[in-house]
Amino acid sequence: MRAREVTSLKRLGLAALLLAPVTALASAPVLPPERAFDLYAQVIVHGDATAQAALARYLDTDNAPALAAALAAASHLEDAPELADWPNAAAALRKRQKSVHCATDSVRHPQTDSADVDYRCHLPDLSALLPVYRQHRVPFNGPHPPQMARELVTAYAQMIAVAPDRERIITVSFKRDDDDGPWRVQNPTPLMSGLADAFLPFFEWNEHLPDEAE
């Protein structure tokens, strides 16, 4: 797991929640596995309040509401520090995010109590923004919070509205305690980082621009 992903888990309080022992409160509502996996995607990708409540009921443990809320917080990409001074760009991001479709595509079971779920996601492809970004990189390693230059913000707000979708398969692992128990996410960062990197690719671009050969 990358350092940035660990930091994100800690910031959202997910690291402790994922590792904490849980106490079942009652019998969890029965859901088809695909429906349960799709609930996780709705919560992480959209922060959907109805899905969040349904996920908490499905998990039915003492920390389920807190876990569902922390997963939903991952959807608030508009709160990223590089957008702090640019509400119009943040609003454009949120509007495009509402159109994202991410659903269960296939499920593999390495063991009976584990599942590797492939989500098929349609995410914006912002590669056309690269020429502008080369001229106005976001400084992530400086002494101050990262900020986007006005020229980059202007291009970003326009591009995020019209950028074509790119299909991606993102794999997330789940486990359950018994044959009838609810599926619990083991590490949500592949879906969280896939979403963040699609909408706010600047950190990754600073590490390695897509068209730069190794």
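Treat the numbers as computed from the prediction; the structure is a model and nothing was measured.
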**Q** Step by step, would you call Ser75 with Gln97 a side chain to side chain contact (heavy atoms under 4.5 Å, CB included)?
**A** CA-CA 9 Å; Ser75 72; Gln97 190 176 350; 3.9 Å; yes
**Q** Looking only at heavy atoms, which two atoms of Asp125 and Ala163 are closest? And how far apart?
**A** O-CB, 3.4 Å
**Q** Suppose we screen for salt bridge (charged side-chain N to carboxylate O under 4.0 Å, His left out). Which residues come up paired with Asp118, at least two apart in sequence or across chains?
**A**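 Expected list: Arg108.
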**Q** Supply the atom-to-atom distance Leu67 CG to Asp62 CG, rounded to the nearest 0.5 angstrom.
**A**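 Rounded to the nearest 0.5 Å, the CG-CG separation comes to 11.0 Å.
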**Q** Which heavy-atom pair separates Asp60 from Arg57 by the least distance, and what is that distance?
**A** CB-O, 3.3 Å
**Q** I'd like to know whether Thr171 forms a side chain to side chain donor-acceptor pair (under 3.5 Å) with Asp116, so could you lay out the CA-CA distance, the side-chain angles of the two residues, the decisive distance to 0.1 Å, and finally the verdict.
**A** CA-CA 6 Å; Thr171 304; Asp116 292 335; over 6 Å; no
**Q** Pairs in or reaching into residues 42-53: which pass side-chain hydrogen bond (donor to acceptor under 3.5 Å, both in side chains), with residues at least two apart or in two chains?
**A** Arg35-Gln42
**Q** If the condition is side chain to side chain contact (heavy atoms under 4.5 Å, CB included), which residues does Asp113 pass it with, not counting sequence neighbours?
**A** Gln111, Lys175
**Q** Side-chain contact, heavy-atom cut-off 4.5 Å: Trp86 with Arg150?
**A**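 When only atoms from C-beta onward are counted, Arg150 and Trp86 do touch, with a gap below 4.5 Å.
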**Q** If we ignore hydrogens and angles and just use 3.5 Å, is the side chain of Asp38 paired with the main-chain N or O of Thr104 as donor and acceptor?
**A** yes
**Q** Please find the pair of heavy atoms, one from Leu191 and one from Cys102, that lie closest to each other, and give the distance.
**A**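 The answer is CD1-SG, 3.8 Å.
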**Q** Suppose we screen for side chain to side chain contact (heavy atoms under 4.5 Å, CB included). Which residues come up paired with Pro146, at least two apart in sequence or across chains?
**A** Pro81, Glu82, Val138, Phe140
**Q** Quick check: do Tyr119 and Asp105 have side-chain heavy atoms less than 4.5 Å from each other?
**A** no
**Q** May I ask you to check whether Phe202 and Tyr156 place their ring centres under 6.0 Å from each other?
**A** yes
**Q** Output the distance between atom CH2 (Trp205) and atom OG (Ser127), rounded to the nearest 0.5 Å.
**A**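 It is 7.0 Å, given to the nearest 0.5 Å.
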**Q** Would you say the side chain of Val153 lies within less than 4.5 Å of the side chain of Met148, judging by non-hydrogen atoms?
**A** yes
**Q** Start with the C-alpha gap between Arg137 and Asn206, add the side-chain angles, then the distance that decides, and say whether side chain to side chain contact (heavy atoms under 4.5 Å, CB included) holds.
**A** CA-CA 7 Å; Arg137 295 197 180 199; Asn206 272 15; 3.9 Å; yes
**Q** Below 4.5 Å, heavy atoms only, C-beta onward: do Leu83 and Leu200 meet side chain to side chain?
**A**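 Yes, side chains in contact.
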**Q** Atom CG of Leu195 and atom CZ of Arg168: how far apart are they, to the nearest 0.5 Å?
**A**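 Here the interatomic distance stands at 10.0 Å.
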**Q** According to a hydrophobic-cluster definition based on side-chain heavy atoms being under 4.5 Å apart (Ile, Leu, Val, Met, Phe, Trp, Tyr only), do Ile169 and Val100 belong together?
**A**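 No: no chain of side-chain contacts under 4.5 Å links Ile169 to Val100.
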**Q** Ignoring hydrogens, what is the shortest heavy-atom contact between Val132 and Glu151? Give both atom names and the distance.
**A** CG1-O, 4.1 Å
**Q** Restricting to side chain to side chain contact (heavy atoms under 4.5 Å, CB included), what partner residues turn up for Glu167, sequence neighbours left out?
**A** Arg120, His122
**Q** With side chains defined as the heavy atoms from C-beta onward, is the minimum distance between Arg166 and Pro124 less than 4.5 Å?
**A**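 No; the side chains remain at least 4.5 Å from each other.
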**Q** Between Tyr40 and Phe174, is the ring centroid distance below 6.0 Å?
**A**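 Ring-ring flag for Tyr40/Phe174: true, centres closer than 6.0 Å.
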**Q** Below 4.5 Å, heavy atoms only, C-beta onward: do Val172 and Asn187 meet side chain to side chain?
**A** no
**Q** Using the salt bridge (Lys or Arg N to Asp or Glu O under 4.0 Å) rule, collect all pairs that involve residues 83-98, keeping only residues at least two apart or in two chains.
**A**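 Non-adjacent pairs meeting salt bridge (Lys or Arg N to Asp or Glu O under 4.0 Å): Glu78-Arg94, Arg96-Asp165.
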**Q** On a heavy-atom basis, which atom in Ala84 and which in Gln147 lie closest, and how many Å separate them?
**A**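 Taking Ala84 first and Gln147 second, the nearest heavy atoms are CB-NE2, 4.1 Å.
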**Q** In terms of hydrophobic clusters joined by side-chain contacts under 4.5 Å, are Leu130 and Leu152 together?
**A** yes
**Q** Check whether the ring centres of Trp183 and His109 lie less than 6.0 Å apart, and answer yes or no.
**A**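 Ring-ring flag for Trp183/His109: true, centres closer than 6.0 Å.
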**Q** By the definition side-chain contact (heavy atoms from CB on, under 4.5 Å), identify the one residue from Val43, Ile44, Val185 that meets it with Leu55.
**A**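 In the set Val43, Ile44, Val185, the residue that makes a side-chain contact (heavy atoms from CB on, under 4.5 Å) with Leu55 is Val43.
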**Q** Please report the shortest heavy-atom distance between Ala74 and Leu77, naming the atom on each side.
**A**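 That would be O-CD2, 3.8 Å.
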